[in-house]
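Heads up: the structure comes next, in structure tokens.
Chain naming here is simple, since letters A, B, ... match the order of the sequence lines and numbering starts at 1 in each.
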Amino acid sequence: ILNVEQSPQSLHVQEGDSTNFTCSFPSSNFYALHWYRWETAKSPEALFVMTLNGDEKKKGRISATLNTKEGYSYLYIKGSQPEDSATYLCAFPPNTGNQFYFGTGTSLTVIP
Amino acid sequence: ETGVTQTPRHLVMGMTNKKSLKCEQHLGHNAMYWYKQSAKKPLELMFVYNFKEQTENNSVPSRFSPECPNSSHLFLHLHTLQPEDSALYLCASSQESQLETQYFGPGTRLLVL
């Protein structure tokens with residue numbers, strides 16, 4: 001079992017604030033790093049799949065960076081809106097087998 | 001709508017019951033997955049099927065029995081479950097490899113009494 005850690009566990013921000021959180025994963029056996037957003041009572045929804053060290057991906061106000069050498073990825077949300085409230089999960093599939101290891105997630109609440 | 005459906009959405013069963021969870025994907029994917037989410041724990045991968053063949057079984061107790069009759073359908077057969085098996089069970093699918101995005105169903109909330 002590989003350890004995928006996310007911090008912080010939860011976060012409350014005011015509408016309009018920018019925020020970021022971290023996913024840490026083993027730097028060996030790297031294959032890809034996935035980010036998902038999971039709103040209450042809905043299915044987890046894919047945000048990004050990142051594969052290259054130094055990669056940066058963007059989707060609207062959300063962006064992510066990847067450092068495979070030190071084993072971390074940051075997710076940034078610029079100008080948070082109430083609809084950004086959700087749990088943000090990262091998932092790490094190592095380069096052997098068909099495993100997926102998820103972090104426990106960061107629960108974001110954006111206060112209007 | 002993600003293109004992955006699960007039924008039932010909620011299930012209450014006794015420890016001696018037998019029930020099945022169903023997952024169907026309409027995305028033309030070749031890989032399907034069962035996950036379990038217990039309170040305050042990360043999503044745990046239970047089973048993986050690629051092209052209808054089981055490729056991963058993460059030491060899941062035999063009271064959980066998966067079945068994949070074709071690339072579009074995945075079942076999880078449940079029998080003699082324990083109260084600690086109460087959890088949210090999520091199905092997902094992807095094109096093939098772990099490089100690709102997984103699309104999740106809405107889950108089945110299971111309560112074992």
Non-hydrogen atoms of Pro42(B) and Gly103(A) that approach each other most closely: CB-O, 3.6 Å
Hydrophobic cluster identity match, Leu74(B) and Phe51(B), side-chain contacts under 4.5 Å: no
Portion of Gln99(A) that has a non-hydrogen atom of chain B nearer than 4.5 angstrom: both
Atom OH of Tyr103(B): over 12 foreign heavy atoms under 6.0 Å: no
Flag side-chain contact, heavy atom, 4.5 Å: Tyr35(B) against Phe102(A): yes
Nearest heavy-atom neighbours spanning Arg9(B) and Ala41(A): NH2-O, 4.4 Å
Exam field: side chain Tyr101(A) to backbone Leu43(B), donor-acceptor pair closer than 3.5 Å: no
Hphob cluster co-occupancy, Leu90(B) + Leu110(B), side-chain heavy atoms under 4.5 angstrom: no
Part of Tyr36(A) within contact of chain B (heavy atom distance under 4.5 Å): side chain
Separation of Leu89(A) CG from Gln37(B) CD (nearest 0.5 Å): 7.5 Å
Distance-minimising heavy-atom pair for Pro44(A) and Gly105(B): CD-O, 4.3 Å
Same apolar cluster (I L V M F W Y, side chains within < 4.5 Å links), Trp35(A)/Tyr72(A): no
Lys57(A) NZ: over 12 foreign heavy atoms closer than 6.0 Å: yes
Most contacts with chain A, counted as non-hydrogen pairs under 4.5 angstrom, among Gln6(B), Glu44(B), Gln102(B): Gln102(B)
Side chain to side chain contact (heavy atoms under 4.5 Å, CB included) between Lys41(B) and Thr104(A), intermediate numbers included: CA-CA 6 Å; Lys41(B) 286 189 172 182; Thr104(A) 47; 5.9 Å; no
Leu81(B) with Met15(B), same ILVMFWY side-chain cluster at under 4.5 Å: yes
Glu100(B), part contacting chain A, at a heavy-atom distance under 4.5 Å: backbone
Neighbour count above 12 (heavy atom, 6.0 Å) for Glu45(A) CD: yes
Trp38(A) and Phe104(B): CA distance, side-chain angles, deciding distance, side chain to side chain contact (heavy atoms under 4.5 Å, CB included) verdict: CA-CA 10 Å; Trp38(A) 195 357; Phe104(B) 285 83; over 6 Å; no
Within one Ile-Leu-Val-Met-Phe-Trp-Tyr cluster: Val4(A) and Tyr88(A), side-chain cutoff 4.5 Å: yes
